[in-house]
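Reviewing the structure listed below.
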Number of protein chains: 2
Amino acid sequence: MKQIQKKNEGTRFKRTPQRLAILEYLEGNTSHPSAEDIFRVVSKRYQSMSFATVYNTLNTLTRAGELRELTIDPERKRYDPDTSRHHHLICVLCGKIADIPEKIGVELPKDMAEHFVLLGHHIEFYGHCSSCRKKNKAK
Amino acid sequence: MKQIQKKNEGTRFKRTPQRLAILEYLEGNTSHPSAEDIFRVVSKRYQSMSFATVYNTLNTLTRAGELRELTIDPERKRYDPDTSRHHHLICVLCGKIADIPEKIGVELPKDMAEHFVLLGHHIEFYGHCSSCRKKNKAK
DNA sequence: CATAATGCTTAGAATGATTATAATTTATAT
DNA sequence: ATATAAATTATAATCATTCTAAGCATTATG
């Protein structure tokens with residue numbers, strides 16, 4: 001994300017305070033926030049901030065390849081400032097999403113691999129996170 | 001899907017013509033249709049069919065474990081009558097979604113596996129399908 | 001086979017996420 | 001300083017999905 005700020009210097013990407021506030025919030029953020037999550041936090045500082053600005057900025061960053069849109073939550077888009085290849089682990093109890101490094105070798109079955117040009121893949125792991133696991137034991 | 005029909009005999013699942021038409025359409029269907037896709041086809045036969053009935057039925061089937069809701073398309077839910085564990089291959093050019101059998105061994109990194117109770121996983125493969133590949137070559 | 005009870009269907013309204021619009025404001029390069 | 005292009009804003013619009021309330025149809029039962 002720091003790169004975003006650098007990368008966009010000297011381009012026609014205007015460094016408005018609203019955008020900088022959104023970038024600052026996203027920088028290193030591993031919570032996979034929705035647009036609303038972002039709006040809620042950032043609009044506290046910039047009271048004039050509009051929801052539209054959040055969406056505009058997220059779309060601009062996504063188009064620029066600086067942000068990854070996640071299609072994991074069926075109710076809303078989530079955003080991930082980590083655009084490197086990695087996977088996700090979803091707690092089906094609390095909904096938290098964690099990152100998993102891409103060390104996992106995965107292959108398409110041969111018959112399909114012959115016909116399909118593979119560009120990438122994404123794994124969603126489902127289960128119970130450690131904190132929910134503990135809560136359940138406590139019962 | 002045939003099982004749905006059997007399975008629900010004798011239960012309080014009412015076998016209305018609308019539901020049977022939806023079940024028939026879904027039976028063996030590998031197109032991963034959206035609610036609208038289903039409505040478009042099925043409402044041709046049952047002209048009185050309401051969109052709400054499609055949603056109601058899809059939700060009922062999903063809750064009964066007879067249908068799988070896919071969170072792959074960021075714009076809308078897709079439905080898969082194959083509820084067995086398997087993965088998907090998405091053509092980023094035409095949007096078609098194909099099934100991949102679950103023969104693929106995948107493991108969580110050890111440090112994460114220790115803390116997380118893993119229930120399942122789902123892989124999305126992205127690339128170009130054979131038909132789009134041919135079209136592109138033709139240019 | 002008649003009927004009650006429950007569950008289903010329906011149209012339309014409501015909701016919630018996201019995008020579009022159009023006027024105003026601001027960052028940036030000159 | 002200022003022009004220009006681009007961003008912000010409030011609001012309206014759109015699209016998928018859910019809710020509601022009234023009437024209707026399946027199913028179990030007598």
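Proteins come first, then strands; the chains are lettered A, B, ... in the order of their sequence lines, and each starts at number 1.
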Exercise for the section: Can you measure from CD1 (B/Ile72) to NE2 (B/His122) and round to the nearest 0.5 angstrom? Expected result: 4.5 Å

Exercise for the section: Report yes if a side-chain nitrogen or oxygen of B/Arg19 is closer than 4.0 Å to either non-bridging phosphate oxygen (OP1 or OP2) of C/dG7; otherwise report no. Expected result: no

Practice task
Without swapping roles, check the side chain of B/Arg19 against the backbone of B/Lys14 for a donor-acceptor pair under 3.5 Å.
Solution key: yes

Exercise for the section: Calculate, to the nearest 0.5 Å, the distance between atoms CZ and CD belonging to A/Arg45 and A/Gln47 respectively. Expected result: 12.0 Å

Handout entry: Atom-pair distance (CG on A/Leu58; P on C/dA17), nearest Å
Key = 14 Å

Exercise for the section: Return the angle between end axes of the helix from C/dC1-D/dG30 to C/dT30-D/dA1, with five pairs used per end and rounding to 10°. Expected result: 30°

Handout entry: Rounded interatomic separation in angstrom, taking CE from B/Met49 and P from C/dT10
Key = 6 Å

Handout entry: A/Thr53 and A/Asn56: CA distance, side-chain angles, deciding distance, side-chain hydrogen bond (donor to acceptor under 3.5 Å, both in side chains) verdict
Key = CA-CA 5 Å; A/Thr53 297; A/Asn56 287 341; 5.2 Å; no

Problem - Residue whose nearest DNA chain C nucleotide is more 5′ - B/Glu75 or B/Ala52 - result: B/Ala52

Exercise for the section: Tell me whether the OP1 or OP2 atom of D/dT9 has a side-chain N or O from A/Gln18 closer than 4.0 Å. Expected result: yes

Exercise for the section: Answer with base, sugar-phosphate or nothing: what part of the nucleic acid does A/Pro74 contact at a heavy-atom distance below 4.0 Å? Expected result: nothing

Problem - Distance (rounded to the nearest 0.5 Å) between B/Thr83 OG1 and B/Leu67 CG - result: 8.5 Å

Exercise for the section: Using whole Å, report how far CZ of B/Arg15 lies from C1' of C/dT9. Expected result: 17 Å

Handout entry: Touch class at under 4.0 angstrom, heavy-atom based, for B/Ser34 against every strand present
Key = nothing

Completion exercise
Whole-Å distance, B/Glu69 CD to D/dT17 C1', equals 11 Å

Practice task
Grab the CD-C1' distance between A/Glu36 and C/dG16 for me, whole Å please.
Solution key: 9 Å

Practice task
State whether B/Ser48 places a side-chain N or O below 4.0 Å from either non-bridging phosphate oxygen (OP1 or OP2) of C/dT9.
Solution key: no

Exercise for the section: Answer with yes or no whether B/Lys77 presents, from its side chain, a donor or acceptor under 3.5 Å of a partner atom in the base of D/dT17. Expected result: no

Handout entry: Among C/dT9, D/dT27, D/dA16, the one nearest B/Tyr55 by side-chain distance
Key = D/dA16

Practice task
May I ask you to check whether B/His88 and B/His32 place their ring centres under 6.0 Å from each other?
Solution key: yes

Handout entry: Inter-residue atom distance A/Leu89.CG - B/Met112.CE, 0.5 Å rounding
Key = 5.5 Å

Practice task
Ignoring backbone atoms, establish whether B/Asn56 has a side-chain N or O less than 4.0 Å from OP1 or OP2 of D/dT18.
Solution key: no

Fill in the blank from the handout: In whole angstroms, the gap separating P of D/dT18 from CZ of B/Arg76 amounts to 14 Å

Practice task
Specify the residue among A/Thr57 and B/Thr16 whose closest nucleotide of DNA chain D lies further upstream toward the 5′ end.
Solution key: A/Thr57

Problem - Distance in angstrom units between B/Asn59 CG and D/dC19 P, rounded - result: 9 Å

Practice task
Side chain of B/Pro17 only, please: which of D/dT26, C/dT10, C/dC8 is the nearest?
Solution key: D/dT26

Handout entry: Donor/acceptor link under 3.5 angstrom from A/Lys14 side chain onto base of D/dA7
Key = no

Handout entry: Spacing between A/Gln47 atom CD and D/dT9 atom C1', to the nearest angstrom
Key = 15 Å

Exercise for the section: Give a yes or no on whether the backbone of B/Leu20 and the side-chain of B/Arg15 come within a donor-acceptor separation of less than 3.5 Å. Expected result: no

